[in-house]
Amino acid sequence: MTRRPPIAEPAIWAAWTARDSLGLGAAGLAAVLAIAFIVLADARSAQTWIPVIKALGCGWLIVLAPTVLRHLPLYSIAQVRHHVPDRRSRACWVGRQARVCCAADSPLRSKVDLVIGRLCIGDAAKQLLVISAVAVLALAANRLFPQATPTLGWLVAGLGAGCAVATVHRFWAARVDQPHPTLASIAGAGALFAAIATFCAGFAWGCGYQHPRFFDHIAAGTAHLDTLFHGALAHMVAVHGLPSTGLDGTPQVFYHFGSHWWMAQLAHLVGATPLEFYQFGFQVLAIPWIIQQIIGLSLDLRAIRGHGQLRLPTGPWFWLVAAAAWTGITVPYVRRFAWASANLVISESHALATGLLLAGAAVLLHWFAPASAERRANTALHGPAWPQPMVVKAALFVPVAVLTLGLVKISHMAVVCGLMGYLWWRLGLWRSALATVGLVATALAGWVAVRLTSSADSSGGIVAFDFFRNWVLRGDQWPQWLVQTALFIGSHYALTLALVLVRWRQLRGFSQLFRGTATLDVELAVVAAIGASLPGLILAIDGGGAYYFSDIQRWLSLVLLLSVLPTPQLSAPMLYQPRPRTPWSSRSALAALVLLVGYNTYEGADRLYHCNDTAPPADADRRDVIARLRTLAALPVAERRQAAIWVPRDVSAYWRMLPTLAAPLTAPAIAGLAHIDGLPIGDHRRAHYGYNAYPARPTDAHLSQADAVQRAAQLGYQTLFVFEGTATRQVATPLHSGQAR
């Protein structure tokens, strides 16, 4: 019996097959990253590989659940919403599909069908719902099972594995009937994800920030300060429920803590500490999710530009540009001046915020695309003729999304606020009182996020060209500065410039600029590029943080560029058509992209090969300190919440193991215990690592054990763990015996 696709139109079925291949590629990328971590970590016990396997299952669930939901008849409305523009007809179609699945009749059937029809959105938006559900599930597991790792992690991993099996089955079942159109997508997606897997593994674990054997780096004194800071912040969020570094109690550190909260909850779900999860969790979960968001959102935009006709890009341009943009469109010499071009692979907050930004854009896209098509079809509509339900949903959704982005990454929130303000002016929404109220609520949400994550001295003030002078320019002569600035601008903004050139050629000029919606994509990309560059031009942000602002425009421009690339399209009969001869200029550009992707993939492979050669040996005393701290991390959360740790200054194996600013963060990052008198001696008030939350240490005098116990009681702790020689002693404070508050 011949299998038939759920919808008879071949172009739609081809697009579904492309989404299946995309999901399988992202799932394969997650598996490669998980296996690479286990191999590089030299895992010989279940303590290492079980959390990685659980994280892999969570990643599969996030990436592949929308693919499985798409094949359920109840959710197929997302694929035909552009073919059935009438809302009542669409609801009736959903009702017919629901009656197929549900045999029992119900008087609420029509209302349920209508609600389901309105909630059915695209794959990228569904992934936002899935990752939110997983985070809430992890939070519930953390509250219900605080003393032990629940089996709920295995349940989530099993659901992800089931999604993987279902996706593979549906993919190969589709190929039985339509084998030819999927060959190009399989080859392109396979090459894309093979290159990306090698690049991501090499740059994620070969840069020094994360490492499969990070605890060996701590014992050897080569661990990176940034990783310990983020690990301490996430561990304090997991144990005490507030962002702090725990160096002398747990005062709040004003820093964007959304990604740390995310790491803390999912780490408990997979049975790892936040510092361990920082080494493998966000690579296995977030990187495949973001890649699928980028390519999936671009496919959605291509479908909308094709007026609802979902078409499959079969040419090499689409896949090569996507791979080149992800692996870096520069060689190492130029990357030196582009500064941290692989930061999306390294920074978990930057990666999570980028994925949330693209998912939020997908939600708005699927809400407003049908309404936009109706506005174009009805020439009698003028001004803010958007349907009222669409405006209401956007006015409620955008402020919440902006607040969430601000808690995860303040740079993304600032750029989104600017883009929302531009759209409010550009689309004439200022004529709508409801849209204006929504914009005011968005600005208020941004202000709340700034107050929750930023302190008064977190910025160095207004300093012209601070980012360029401190992080881009090398040398002391103006010709070198000119060349380096040109390299930075040419490589960093290459995707935005390419989008402008492609759209200029397609539209034959920008004569309709600011008049219609034909040039809206170019306008958004340019506004994002200019607005995101302003912080680096006028503000002094510690640690080169201005880069995180300017990097956002790259990924927005990549999505928009992939949606307008002139690629050969698959016709409705799904037959190969004769193609014109490719000019030499296009062949040369394609060859350059192939060489660029190949070289950057080789660089990632080289980093991965030498990944385990970077940790020098450490002495036995340091390894004993790390082992004791990891033992304390296995204590129940409730017990660690009421306890603190005190390491005397004469324990050189601890205080001299890492540099001055990194050594105090070791105990909070590994054990999840707040320090007593853990501040370094001297001027330590550096806003970038949260030291400004603590007063300056007035003297270099060492506390006695009695003073440390009294200090712990003043801070409200019932137990103090004291490091003594090769043993850790537990001491009860006066608070525990009722002698203090």
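Since we're looking at a predicted model, the values are computed, not measured.
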Exercise: identify the closest heavy-atom pair between [X] and [Y]:
X    : Y    : value
D677 : D248 : N-OD1, 3.2 Å
I676 : W646 : O-CD1, 3.2 Å
V450 : M413 : CG2-CE, 3.9 Å
F214 : A223 : CZ-CB, 3.7 Å
T222 : L658 : N-CD2, 4.2 Å
L629 : A671 : O-CB, 3.5 Å

Output yes when a side-chain donor or acceptor of [X] lies under 3.5 Å from a complementary backbone atom of [Y], and no otherwise.
X    : Y    : result
W60  : A27  : yes
R623 : A219 : no
Y654 : A667 : yes
S244 : V253 : no
Q283 : V345 : no
Q279 : L275 : yes
R641 : V239 : yes
W655 : V647 : yes
S347 : L344 : no
S550 : Y547 : yes

Would you check if [X] and [Y] make a side-chain contact, meaning some heavy-atom pair closer than 4.5 Å?
X    : Y    : value
D621 : V625 : no
W154 : L269 : no
T245 : M236 : no
Y717 : I645 : no
F203 : T327 : no
P668 : H675 : yes
H260 : P274 : no
V32  : T198 : no

List the steps, then state whether side chain to side chain contact (heavy atoms under 4.5 Å, CB included) holds for H492 with D551. CA-CA 8 Å; H492 198 56; D551 189 58; 3.9 Å; yes

What verdict does the side chain to side chain contact (heavy atoms under 4.5 Å, CB included) test give for C200 and W326, after you've listed the backbone C-alpha separation in whole Å, the side-chain angles of each residue and the deciding distance to 0.1 Å? CA-CA 9 Å; C200 291; W326 182 266; 3.2 Å; yes

Once rounded to the nearest 0.5 Å, what's the spacing between atom [atom1] of [X] and atom [atom2] of [Y]?
X    : Y    : atom1 : atom2 : answer
L152 : N142 : CG    : CG    : 11.5 Å
H230 : L225 : NE2   : CG    : 9.0 Å
L352 : I290 : CG    : CD1   : 7.5 Å
C58  : L137 : SG    : CG    : 8.5 Å
L715 : R711 : CG    : CZ    : 4.0 Å
I196 : L33  : CD1   : CG    : 10.5 Å

Would you check, one step at a time, whether the test side chain to side chain contact (heavy atoms under 4.5 Å, CB included) holds for W261 with L139? CA-CA 10 Å; W261 180 91; L139 177 63; 3.8 Å; yes

Assess whether side chain to side chain contact (heavy atoms under 4.5 Å, CB included) is satisfied between F215 and I670, documenting all intermediate values. CA-CA 9 Å; F215 291 101; I670 298 178; 4.0 Å; yes

What is the ring orientation for Y599 with Y602, classed by angle as parallel under 30°, tilted 30 to 60°, or perpendicular over 60°?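 Correct class here is tilted.
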
Please identify which of these residues, K54, R213, R630, meets the salt bridge (charged side-chain N to carboxylate O under 4.0 Å, His left out) condition with E276.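 Exactly one pass, corresponding to R630.
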
Before we go on, tell me: are the rings of [X] and [Y] under 6.0 Å apart, centre to centre?
X    : Y    : result
Y255 : F229 : yes
Y691 : Y694 : no
F37  : W205 : yes

Looking just at side-chain N and O atoms, do E348 and Y278 make a donor-acceptor pair shorter than 3.5 Å?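 Per modelled atom types, E348 and Y278 side chains form a pair under 3.5 Å.
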
If we count only N and O atoms by modelled type, under 3.5 Å, do the side chains of H268 and R143 hold a donor and an acceptor together?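 Distance-only check fails for H268 and R143.
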
Kindly write out the residues that satisfy ring pair (Phe, Tyr, Trp, His ring centres under 6.0 Å) with H412, not counting sequence neighbours, or none if the list is empty.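 Ring pair (Phe, Tyr, Trp, His ring centres under 6.0 Å) check on H412 returns H350.
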
If you measure from the Lys or Arg side-chain nitrogens to the Asp or Glu carboxylate oxygens, is any gap between R628 and D624 under 4.0 Å?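 Salt bridge present between R628 and D624.
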
